[in-house]
Each structure stands twice: as C-alpha cells, then as structure tokens.
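Notes follow once the structure below has been shown.
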Amino acid sequence: MARCWLMKSEPDTYAIDDLARDGTTLWDGVRNYQARNYMRDDMKVGDRVLFYHSSATPPGVAGLAEISADATPDATALDPDDDHYDPKATDADPRWVVVELRHVETFPEVVPLATLKADPALAGMLVIQRGQRLSVQPVEPAHFDRVVALARGR
DNA sequence: GCCAACGTTGGC
DNA sequence: GCCAACGTTGGC
C-alpha cells in the first residue's frame, strides 16, 4: 500500500509550477535527519505526496506529486560549490539522500494552511501543529484524501 | 521584521 | 551526557 506524505518547498525556490514544467525532479538539499530517514527508509515509488508551499502567500497545499524513484545519495552534499555542501559527507558515506518526485496535479487554487487548521476532519494532521517544521512528513491516508476533496471544493 | 519552536554544536 | 548558545524554519 502506497504511503502518503507532505513535502514542503518555498515556491520562490521551487514551486509546483516548476515541477509541472520539469515533470520530475530530484528532491535534494534535505539536511534534517528525521526527514532523511523518512525518505531513505519509508518512501517508495508510487507513494503519494501533498506538495506544500511554505513561506508563501498563503502557505498551503498547492498540488499532488508521487515518488518516482527511491532514495539515492544526494550529490549536492559532496559538491563544495553547492549551497547544500556538507563537509562530513563522503562517497563512502554520503549521509544525505534524494528521492525523485513526479508531478501529478496542480490544484486550481492552493488549499491554505488556515483552511486545513479550520477543518475538524484534519485534526491531528502534523502540518497544522504549532512549531512543526519538518519538511517531509507522513500523512494519514484519510487526511490526504480530505485535502484532495478540499481542493475540489468538497 | 518579529519571534516561537526546534535542531545542532561545542564546551565542560 | 548536560545544556547554553546559536542557527534555521516558517507563520504571522
């Protein structure tokens, strides 16, 4: 059974429209161990993803994606010229991973964080918790489906 | 721009 | 191993 996830991106850096244009993208630059462990250990091809715009107006879920390749080493950690370079990463122990995301759908309108917070059906969803900064989060299937329904105006 | 929350680092 | 200091995230 495919799992469900929420992945955050600042649209100024990489937005759902960029993913729609590219088709697929390598999700690089993650430098948080919990997020990495989810990507490395639990994400599998075919998993469903809520694509979330953070630090946006408004912040919220902008569309859907799916995992199109399992975790592989993150080359940006090994590149001294890259913003995400990690001097502790080596070829033998790359430390960080990427997964590949494929665009599935761009919602007609972003489902705002405020809407998620106001929906009783989404009580307990991680992204609406105060102080929840994790950029890769597991999502319960019922919550995932509810967000999709909200995007459809239902 | 502010600030709360959280993760990481490094001295001890 | 503790914990203070610092850096980052991200909503508002």
Side-chain angles (χ1 to χ4, degrees), chain A residues 3-22 25-43 47-67 71-101 103-140 142-151 153:
Chain A
R3 297 190 192 222
C4 298
W5 304 96
L6 179 145
M7 299 175 79
K8 296 179 182 175
S9 183
E10 298 193 17
D12 288 348
T13 304
Y14 197 83
I16 188 85
D17 288 346
D18 296 309
L19 184 59
R21 179 198 64 218
D22 295 342
T25 196
L26 289 177
W27 205 254
D28 58 21
V30 171
R31 295 293 179 269
N32 171 282
Y33 287 106
Q34 196 175 353
R36 179 204 66 182
N37 293 346
Y38 282 135
M39 288 170 40
R40 185 189 62 190
D41 303 333
D42 297 324
M43 278 189 178
D47 283 3
R48 302 190 290 164
V49 177
L50 298 174
F51 194 105
Y52 181 89
H53 281 176
S54 59
S55 297
T57 309
V61 179
L64 304 179
E66 66 179 11
I67 303 300
T72 52
D74 185 346
T76 67
L78 300 168
D79 178 1
D81 296 326
D82 194 280
D83 287 344
H84 298 294
Y85 175 62
D86 180 354
K88 295 175 184 168
T90 63
D91 285 319
D93 179 17
R95 282 169 69 99
W96 305 108
V97 301
V98 298
V99 294
E100 188 185 70
L101 276 194
H103 182 264
V104 171
E105 176 180 345
T106 300
F107 291 155
E109 295 179 13
V110 169
V111 180
L113 178 61
T115 300
L116 306 182
K117 286 181 173 176
D119 190 334
L122 296 177
M125 192 177 180
L126 284 177
V127 74
I128 65 177
Q129 311 288 321
R130 176 181 176 81
Q132 178 53 66
R133 307 185 306 172
L134 198 59
S135 63
V136 176
Q137 304 177 3
V139 175
E140 294 175 26
H143 288 165
F144 189 102
D145 292 342
R146 178 61 186 153
V147 173
V148 174
L150 288 170

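Within every chain, numbering begins at 1; the chains are lettered A, B, ... in the order of the sequence lines, protein sequences first and strands thereafter. Quick note: numbers below take in every heavy atom, side chains included, and nothing from hydrogens, waters or symmetry partners.
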_Distance (rounded to the nearest 0.5 Å) between A:D79 CG and A:H84 NE2_ = 11.0 Å
*Calculate the interatomic distance between A:L126 atom CG and C:dG10 atom C1'; express it in whole Å.*
16 Å
*Heavy-atom donor-acceptor pair, A:H143 side chain to A:C4 backbone, under 3.5 Å*: no
*Residue A:R130, side-chain atoms from C-beta onward, closest of C:dG11, C:dG10, B:dA4*: B:dA4
_NZ/NE/NH1/NH2 to OD/OE distance under 4.0 Å, A:R31 and A:D86_ = no
_Distance flag, aromatic centroids of A:W96 and A:Y33, threshold under 6.0 Å_ = yes
*Given atom NE2 of A:H53 and atom P of C:dT9, what is their separation to the nearest angstrom?*
17 Å
_Whole-Å distance separating the CG atom of A:N32 from the P atom of C:dT9_ = 10 Å
*Take the protein atom CZ of A:R31 and the nucleotide atom P of B:dT9, then report the distance between them rounded to whole Å.*
13 Å
_Contact under 4.0 Å: A:Y52 side-chain N or O vs C:dT9 OP1/OP2_ = no
*So, is A:K8 close to the C:dG10 phosphate, meaning a side-chain N or O under 4.0 Å from OP1 or OP2?*
yes
*Plane angle bin for A:F51 and A:W27 - parallel if under 30°, tilted between 30 and 60°, otherwise perpendicular*: perpendicular
_I want to check something: taking the side chain as every heavy atom from C-beta on, are A:L126 and A:V139 in contact at a cut-off of under 4.5 Å?_
no
Filtered N/O pairs between nucleotides 5-8 of chain C and protein, under 3.5 Å:
unit_1 : atom_1 : unit_2 : atom_2 : d
C:dT8  : O2     : A:R133 : NH1    : 2.5

